[in-house]
Amino acid sequence: MRGLKKQKTRRASAPRNRYVARAKLSEHKFLRLLHGYAEGIPIQKLEPRTHVSGKTIRSTYRTLRAHLPLAAQRDHARFANAGAYLFQGESIAPEGRKVIACIEKTRRFSHYIKRHAPRLSSCEEEHLLLLEKAVQIFCALDLRDVDVDARLLAQITEAFSALRPSEPLHKLADLVPGARPYGHPETRLYEDYRRYLMNNSLGKKIGPPPARAKSAF
């Protein structure tokens with residue numbers, strides 16, 4: 001009986017959701033929403049699959065979108081090093097601003113807005129969508145054997161501009177010298193975000209991102 005009581009105590013004290021502090025959603029349901037976010041599944045399609053209300057899915061998507069830039073800043077090893085290419089400390093690097101400005105002008109990004117944020121309400125929300133798309137672009141590329149400099153970043157953004165809305169993101173590798181396609185960029189985004197949140201749960205107060213010792217360019 002004593003062993004059973006200890007086991008029940010341990011279960012009661014275990015966090016219900018390791019990825020979100022003070023979460024109302026179970027860990028299992030949150031991970032399904034995180035997977036839907038990474039896969040780009042629209043709210044209307046995810047709602048019947050998860051039995052989570054559209055309001056909760058929309059709120060979770062917005063939270064994940066708002067936190068993604070911080071995750072990329074804090075952990076350059078994840079998200080295909082997108083944080084190293086896009087940010088300089090806590091600010092967007094000059095080359096990162098060029099990447100974002102180029103994405104914003106594309107027809108593909110206009111389609112992305114219509115699909116995922118048809119009721120776009122602010123410039124801040126659009127900015128987060130641009131950063132989200134930039135991270136997705138890097139997740140679609142294998143750049144391990146490539147010297148990533150300002151010139152290559154310009155080539156990546158030009159390739160994105162030339163990509164048709166119907167083509168998968170990993171087709172970018174065909175247009176970027178030295179790059180190889182990453183076969184499952186959505187899985188990469190999901191797994192990297194999940195692993196990041198394991199140590200930096202949403203809603204938990206965290207310090208500033210670590211300083212970068214050397215510029216990426």
Side-chain angles (χ1 to χ4, degrees), residues 37-40 64-112 126-200 206-217:
Y37 169 78
E39 291 279 343
L64 290 168
R65 184 172 294 128
H67 196 79
L68 182 60
L70 178 60
Q73 287 174 43
R74 293 186 60 85
D75 196 340
H76 290 175
R78 302 199 190 281
F79 312 107
N81 294 312
Y85 308 141
L86 296 171
F87 297 98
Q88 196 167 29
E90 296 182 52
S91 303
I92 299 176
E95 292 304 324
R97 286 197 291 270
K98 291 179 184 178
V99 170
I100 291 166
C102 184
I103 292 171
E104 187 176 17
K105 296 173 185 175
T106 62
R107 189 161 56 97
R108 189 180 178 106
F109 183 68
S110 296
H111 280 256
Y112 190 72
E126 182 178 4
H127 183 66
L128 290 173
L129 283 159
L130 284 163
L131 288 171
E132 177 181 81
K133 179 53 67 178
V135 172
Q136 290 173 359
I137 288 170
F138 289 109
C139 284
L141 295 170
D142 184 348
L143 300 171
R144 285 175 294 181
D145 301 323
V146 185
D147 182 19
V148 180
D149 55 12
R151 183 180 177 185
L152 188 77
L153 290 179
Q155 290 173 327
I156 290 172
T157 51
E158 286 172 15
F160 182 74
S161 299
L163 205 64
R164 291 193 299 270
S166 59
E167 292 182 301
L169 265 182
H170 61 76
K171 291 287 290 182
L172 285 170
D174 296 342
L175 305 171
V176 179
R180 291 177 294 178
Y182 195 91
H184 302 283
E186 298 86 2
T187 302
R188 189 184 209 179
L189 178 59
Y190 168 76
E191 285 295 344
D192 279 3
Y193 214 161
R194 184 188 66 79
R195 290 184 178 119
Y196 170 82
L197 291 175
M198 180 69 77
N199 297 316
N200 304 276
I206 54 178
R212 186 166 59 183
K214 187 179 180 181
S215 172
F217 309 108

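Fair warning: this is a prediction, and the values are worked out from it, not measured in the lab. Scope of the values below: all heavy atoms of this structure, side chains included, with no hydrogens, waters or symmetry mates. One-based numbering along the sequence shown.
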Practice task
Run the numbers on Phe87 and Gln73 for side-chain contact (heavy atoms from CB on, under 4.5 Å), then give the verdict.
Solution key: CA-CA 6 Å; Phe87 297 98; Gln73 287 174 43; 3.5 Å; yes

Exercise for the section: Apply the test side-chain contact (heavy atoms from CB on, under 4.5 Å) to residues Leu129 and Arg65: give CA-CA distance (whole Å), side-chain angles for both, the deciding distance (0.1 Å), then the verdict. Expected result: CA-CA 7 Å; Leu129 283 159; Arg65 184 172 294 128; 3.3 Å; yes

Handout entry: Test side-chain contact (heavy atoms from CB on, under 4.5 Å) applied to Val176 and Leu152, step by step
Key = CA-CA 8 Å; Val176 179; Leu152 188 77; 3.8 Å; yes

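Under the side chain to side chain contact (heavy atoms under 4.5 Å, CB included) criterion, Pro177 pairs with Gln155, not counting sequence neighbours. Applying the side chain to side chain donor-acceptor pair (under 3.5 Å) criterion to Arg180, with sequence neighbours excluded, gives Asp142, Asp145. Annotation: side chain to side chain contact (heavy atoms under 4.5 Å, CB included) contacts of Ser161 (sequence neighbours excluded): Cys102, Thr106. By the ring-ring contact (aromatic ring centres under 6.0 Å, His included) test, Tyr112 pairs with His116, sequence neighbours left out. Shown here are the side chain to side chain donor-acceptor pair (under 3.5 Å) partners of Arg108, two or more places apart in sequence or in another chain: there are none. Evaluation of the side chain to side chain donor-acceptor pair (under 3.5 Å) rule for Tyr37 yields Glu132 as partners, not counting sequence neighbours. Partners of Lys171 under the side chain to side chain contact (heavy atoms under 4.5 Å, CB included) rule, at least two apart in sequence or in another chain, are Leu163, Glu167, Pro168, Asp174.
Rounding to the nearest 0.5 Å gives a distance of 13.0 Å between CZ of Arg151 and CD of Glu95. Between the SG atom of Cys139 and the NE2 atom of His170 there is a distance of 13.5 Å, given to the nearest 0.5 Å. The line from NZ of Lys105 to OG1 of Thr157 is 10.0 Å long, rounded to the nearest 0.5 Å.
For residues 127-164, every residue pair satisfying the ring pair (Phe, Tyr, Trp, His ring centres under 6.0 Å) rule, not counting sequence neighbours, is listed here: Tyr85-Phe138. For residues 183-192, every residue pair satisfying the side chain to side chain donor-acceptor pair (under 3.5 Å) rule, not counting sequence neighbours, is listed here: Glu191-Arg194.
For the pair Leu153 and Lys98, the minimum side-chain heavy-atom distance is 4.5 Å or more. At least one side-chain heavy atom of Ile103 sits less than 4.5 Å from a side-chain heavy atom of Phe109. Here the side chains of Ile92 and Leu131 are in contact, with some heavy-atom distance below 4.5 Å. Side-chain atoms of Leu128 and Pro69, non-hydrogen and from C-beta on, do get closer than 4.5 Å to each other. Side-chain atoms of Ile156 and Val99, non-hydrogen and from C-beta on, never get closer than 4.5 Å to each other. The side-chain heavy atoms of Tyr193 and Arg78, taken from C-beta on, include no pair separated by under 4.5 Å. Side-chain contact check for Leu68 versus Leu189: some heavy-atom pair is nearer than 4.5 Å.
Panel note: side chain Asn200, backbone Tyr196; a donor-acceptor pair is recorded below 3.5 Å. Counting only distance, with no hydrogens or angles, the side chain of Asn81 and the backbone of Ala84 share no donor-acceptor pair below 3.5 Å.
Nearest heavy-atom pair across Ala179 and Leu141 is CB-CD2, 4.4 Å. Nearest heavy-atom pair across Leu169 and Ala140 is CB-CB, 3.7 Å.
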